[in-house]
S.K.: 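Dropping the structure in here first, questions after.
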Amino acid sequence: MKKSPAHFPGIGTIAYEGPTTENPLAFRHYNPDELFDGKPLSEHMRFSIAYWHAFRGVGSDPFGPGTIVRPWESGKNAISVAKTRMEAAFEFFQKIRAPFWCFHDRDIAPEGASLAESNKNLDQLVAHARELQKATGVKLLWGTANLFGNPRYMCGAATNPDAHVFAYAAAQVKKALEVTKELGGENYVFWGGREGYETLLNTNLKREQDHLARFMHMAVDYAKLIGFKGQFLIEPKPKEPTKHQYDFDVASGIAFLRTYGLDRAFKFNIETNHATLAGHTFSHEIEVAAAAGMLGSIDANAGDTLLGWDTDQFNTDARELTLAMVSILRAGGLGSGGFNFDAKLRRPSVDLDDLFHAHIGGFDTYALAFKVARKILAEGKLEKFVADRYASYDSGFGREIETGRTNFRQLEKLVLTKLGEPKLRSGKQEYLENLVNRYLT
Ligand code: XLS
Ligand code: NI
Ligand code: NI
């Protein structure tokens, strides 16, 4: 491969310089080589860059066009621009020290006039990605298909009322699975795109959900057929772009998967901003997935408490992430998942180095959260408090309740003859909030 010029001139590989550094282009908390339990931090975190935001996002919004102009975007031939863009991306992955990346099929290669042409374009860019992955050691965390951008998907893909659109989406996902496998992708993500509805006046909800399940089954079957061993993930989101998305949150996702016999084939990719849009905390979604043994991966970003849409900001809230990391570590980590920075620059952040500042902040806050969460768990004060709170279920009639060895009659007798009125026991919320703050300061 020919050596490309530096697309980020003047910016080298980001170094770890520790919490006291004054250098804004250095890590203060993320030291990828630092060992924890004998494993480097980079392997604990498995940070990933989202191609669509970092390399396709231009800062456009409904009120105006893009503001972010990258030098590598000029050129008439869409394929060669896509190749140069990808070279810039891999230079960035290396300089920011991200071991993984993620993409949608249409992020990396232009859509053609027909499916055949789109597939041909994709093949060329996948070949290029393969070489770049080999040359840099950067790996694919997950692949996915864009089933929401093209007008054909305006009423959904798998949930489209037109079977023709379903068929097209099936063909697109078939190809996306093949290329994800070819690039060694460790997971494959289904974010609901436009799988939802705008109005029930024109919608057969039951049929649409049945169709979505058929689609997922076909994907699982095809993965088996081609020997794709990656983990399937559903990424819930309650709304946007449609008013009501079917994969609303983790709990409704679990119900969907169990209803249609898909629960063994899927886990969840939880996005912070989607959790808050659903009226939950990030930690809540993690705990719901973990409780079902279905915690898969994280789309790392943040919303804005004052705005009701997916602002996809970089997360620098150490408190929120520390509590999330406590839940993730307690659940045993993310396995083949990772932390994918599904986050974009604000519209006025037009400089090349803004992309570095954004990811440095995201990596650092997560690394800090990881370390503080480990300390919280190691000291065990929080864990002990919660364990003690449920201790009455560890023995006696509490144990019998948990193991299904008692019933209403026996419990009534116990209360009437022995237990009487329960004593009020404080939940100690304020004490616990202060305890958590002590770790953060
Ligand atoms: C959009 C989603 C999307 C998925 C991938 O809100 O977060 O970016 O992560 O399709
Ligand atoms: Ni996402
Ligand atoms: Ni999102």
Side-chain angles (χ1 to χ4, degrees), residues 50-52 56 102-119 121-122 142-181 185 187-200 202-223 225-226 228 230 232-249 252-253 256-257 259-260 262 265-266 268-269 271 274 277 299 310 342:
Y51 204 87
W52 53 101
R56 302 313 308 272
C102 293
F103 68 87
H104 301 85
D105 49 2
R106 302 298 177 245
D107 300 337
I108 60 169
E111 182 146 21
S114 66
L115 181 66
E117 201 185 299
S118 299
N119 287 349
N121 292 349
L122 189 55
W142 49 262
T144 188
N146 179 328
L147 303 178
F148 43 88
N150 189 290
R152 83 177 71 87
Y153 297 126
M154 65 181 186
C155 298
T159 63
N160 199 292
D162 184 353
H164 185 159
V165 180
F166 184 108
Y168 202 107
Q172 200 181 320
V173 169
K174 172 182 176 288
K175 181 71 179 173
L177 281 168
E178 290 162 8
V179 307
T180 299
K181 176 179 185 257
N187 307 270
Y188 186 90
V189 164
F190 285 95
W191 164 58
R194 295 183 192 272
E195 314 293 22
Y197 62 81
E198 291 299 328
T199 172
L200 286 171
N202 63 13
T203 302
N204 185 327
L205 182 143
K206 165 104 171 68
R207 274 185 103 167
E208 291 201 358
Q209 292 198 328
D210 287 351
H211 297 165
L212 186 57
R214 286 304 333 145
F215 197 88
M216 303 286 190
H217 273 291
M218 288 184 207
V220 171
D221 291 348
Y222 190 66
L225 197 76
I226 62 172
F228 172 64
F232 276 114
L233 300 168
I234 281 188
E235 181 181 323
K237 183 175 182 178
K239 54 188 165 192
E240 198 208 22
T242 69
K243 182 179 79 175
H244 190 290
Q245 304 265 130
Y246 291 128
D247 301 327
F248 190 93
D249 60 2
S252 57
F256 171 82
L257 293 170
T259 303
Y260 291 102
L262 285 157
F266 281 83
F268 287 92
N269 182 38
E271 181 165 318
H274 297 182
L277 281 177
D299 263 8
D310 202 13
D342 191 355

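Because the structure is a prediction, the values reported are computed rather than measured.
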S.K.: Restricting to pairs with a member in residues 162-172, which pass side-chain hydrogen bond (donor to acceptor under 3.5 Å, both in side chains), not counting sequence neighbours?
M.R.: Asp105-Gln172, Arg152-Tyr168, Tyr153-Gln172

S.K.: Determine yes or no for a side-chain-to-main-chain donor-acceptor pair under 3.5 angstrom, with Glu195 supplying the side chain and Ala157 the backbone.
M.R.: yes

S.K.: Starting at CD of Gln209, measure out to CG of Asp247 and round the result to the nearest 0.5 Å.
M.R.: 9.0 Å

S.K.: Heavy atoms only: give me the nearest Lys239-Lys243 pair and the separation to one decimal.
M.R.: CB-O, 3.3 Å

S.K.: Check the side chains of Ser252 and Asp249 for a donor-acceptor pair under 3.5 angstrom, ignoring hydrogens and angles.
M.R.: yes

S.K.: Which residue pairs pass the ring pair (Phe, Tyr, Trp, His ring centres under 6.0 Å) test when at least one of the two sits in residues 203-223, sequence neighbours left out?
M.R.: Phe166-Phe215

S.K.: With ring centroids as reference points, do Phe268 and His274 lie under 6.0 angstrom apart?
M.R.: no

S.K.: In the structure I gave you, are the side-chain heavy atoms of Tyr188 and Phe228 within less than 4.5 Å of one another anywhere?
M.R.: yes

S.K.: Flag the pair Lys181 / Leu177 as yes when at least one side-chain heavy-atom distance between them is below 4.5 Å, and no otherwise.
M.R.: no

S.K.: Between Glu208 and Tyr197, is any side-chain donor less than 3.5 angstrom from a side-chain acceptor?
M.R.: no

S.K.: Between OG of Ser118 and CG of Asn150, what distance do you get to the nearest 0.5 Å?
M.R.: 8.5 Å

S.K.: Using side-chain contact (heavy atoms from CB on, under 4.5 Å), reason through Leu212 and Phe256 one step at a time and then give a plain yes or no.
M.R.: CA-CA 10 Å; Leu212 186 57; Phe256 171 82; 3.8 Å; yes

S.K.: Please name the pair of heavy atoms, one in Val189 and one in Thr144, separated by the smallest distance, quoted to 0.1 Å.
M.R.: O-OG1, 2.6 Å

S.K.: Mind checking what makes side chain to side chain contact (heavy atoms under 4.5 Å, CB included) contact with Pro241, not counting sequence neighbours?
M.R.: Trp191, Arg194, Gln245

S.K.: Of Trp142, Phe190, Phe148, which meets ring-ring contact (aromatic ring centres under 6.0 Å, His included) against His104?
M.R.: Phe148

S.K.: Using a strict cut-off of less than 4.0 Å between a Lys/Arg side-chain nitrogen and an Asp/Glu carboxylate oxygen, indicate whether Asp210 and Arg214 qualify as a salt bridge.
M.R.: no

S.K.: Please round to the nearest 0.5 Å and tell me the distance separating atom CD of Glu117 and atom CG of Leu122.
M.R.: 12.5 Å

S.K.: Kindly say whether Leu205 contributes a backbone atom to a donor-acceptor pair with the side chain of Thr203 at under 3.5 angstrom?
M.R.: no

S.K.: Is any side-chain heavy atom of Glu271 closer than 4.5 Å to a side-chain heavy atom of Glu235?
M.R.: yes

S.K.: Of the non-hydrogen atoms in Thr159 and Gly196, which two are nearest, and what is the gap between them?
M.R.: OG1-N, 4.0 Å

S.K.: Roughly how far, to the nearest 0.5 Å, is the CG atom of Leu225 from the CE atom of Met218?
M.R.: 13.5 Å

S.K.: Is any side-chain heavy atom of Phe232 less than 4.5 Å from a side-chain heavy atom of Leu262?
M.R.: no

S.K.: Looking only at heavy atoms, what is the nearest atom pair of Thr199 and Asn202, with distance?
M.R.: O-OD1, 2.9 Å

S.K.: Is it the case that the side chain of Arg56 and the backbone of Asp107 share a donor-acceptor pair, with hydrogens and angles ignored and the cut-off at 3.5 Å?
M.R.: yes

S.K.: Check whether any side-chain heavy atom of Met216 sits under 4.5 Å from a side-chain heavy atom of Ile234, and report yes or no.
M.R.: yes

S.K.: Answer whether the closest heavy-atom distance between the side chains of Phe266 and Val220 falls below 4.5 Å.
M.R.: yes

